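Some notes on the structure that comes next.
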Amino acid sequence: MRLRHVLPILAAASLLAGVAAGGAVASPPSTLVSPAAFARAVATPGTVTINVHVPDAGAIRGTDLRIPFDRIARLRGRLPAKTARLAVYCRSGRMSAVAVTALHRLGYERIVELRGGMDAWSQSGRTLLPPRS
């Protein structure tokens with residue numbers, strides 16, 4: 001059997017063995033969503049929208065917090081309750097990926113992340129607020 005055929009089988013077997021042994025299957029730290037789905041999340045009452053991009057490159061209307069991606073843990077006092085729904089974004093998606101991992105480690109589980117960041121948001125025809133001066 002070729003290696004490319006064996007790897008998926010081994011991965012599936014490993015996953016099943018963990019579940020059968022009572023091990024928990026780790027959930028992803030966030031759900032990557034399109035600009036349209038992200039816009040719906042931002043508009044949903046109770047969702048806290050966080051821009052994690054540094055330096056300031058603008059923002060999506062409805063953003064509640066601006067917390068640098070690399071300071072999430074240090075600034076956790078600014079974050080909402082761990083039960084809150086979060087919508088997290090940056091310019092391209094790289095910084096938000098780091099941020100959602102940190103948020104997940106802090107206990108947040110209800111996180112949507114904008115796939116492609118503000119770049120994808122703009123490319124979908126949506127507008128951004130200008131950077132703060």
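Numbers here are sequence positions counted from 1. All figures in this text were calculated on a predicted structure; none of them were measured in a lab.
- Note: the hydrophobic cluster containing Tyr89 does not contain Val48 (ILVMFWY, side chain heavy atoms under 4.5 Å, direct or indirect links).
- Between Val54 and Pro68, the closest heavy-atom pair is CG1-CB, 3.5 Å.
- Both Val98 and Leu75 are members of a single hydrophobic cluster when ILVMFWY side chains are connected at heavy-atom separations under 4.5 Å.
- Atom OG of residue Ser30 and atom CZ of residue Arg115 lie 9.5 Å apart, to the nearest 0.5 angstrom.
- Here the CG atom belonging to Asn51 is positioned 10.0 Å from the CE atom belonging to Met95, to the nearest 0.5 angstrom.
- The side-chain contact (heavy atoms from CB on, under 4.5 Å) test with Asp119 singles out one residue from Ser124, Pro35, Cys90, Ser92, and that residue is Ser92.
- Interatomic distance, CZ of Arg94 versus NE2 of His53, reported as 10.0 Å (0.5 Å rounding).
- Remark: Arg105 CZ is loosely packed, at most 12 non-hydrogen atoms of other residues, nucleotides or ligands lying under 6.0 Å away.
- Heavy-atom minimum distance, Thr47 versus Ala87: CG2-CB, 3.8 Å.
- Distance check, rounded to the nearest 0.5 Å: NZ of Lys82 to CG of Leu103 gives 10.5 Å.
- Connection of Val88 to Ile67 is established within a shared hydrophobic cluster, with ILVMFWY side chains joined at heavy-atom distances below 4.5 Å, either directly or through further cluster members.
- When all heavy atoms of Ile60 and Phe38 are compared, the closest pair comes out as CD1-CE2, 3.9 Å.
- Within a 6.0 Å sphere centred on CZ of Arg76, other residues, nucleotides and ligands contribute 12 heavy atoms or fewer.
- With Arg61 contributing its side chain and Leu129 its backbone, the two residues share no donor-acceptor pair below 3.5 Å.
- Proximity of a side-chain donor or acceptor of Ser96 to a complementary backbone N or O of Glu113 within less than 3.5 Å is not detected.
- Ile50 and Ile111 end up in the same hydrophobic cluster when Ile, Leu, Val, Met, Phe, Trp and Tyr side chains are linked at under 4.5 Å.
- Taking both residues in full, the closest heavy atoms of Ser122 and Leu128 are given as OG-CD1, 3.3 Å, listed atom of the first, atom of the second, then distance.
- Shown here for Arg132 and Arg66, the closest heavy-atom pair between the two residues is NH2-CD, 2.8 Å.
- Residue Leu65 is grouped with residue Val100 when hydrophobic side chains (ILVMFWY) are merged at heavy-atom distances under 4.5 angstrom, including chains of intermediate members.
- Taking every heavy atom of both residues into account, Gly62 and Thr49 meet most closely at O-CB, 3.8 Å.
- The backbone N or O of Pro80 lies less than 3.5 Å from a partner atom in the side chain of Tyr108, making a donor-acceptor pair.
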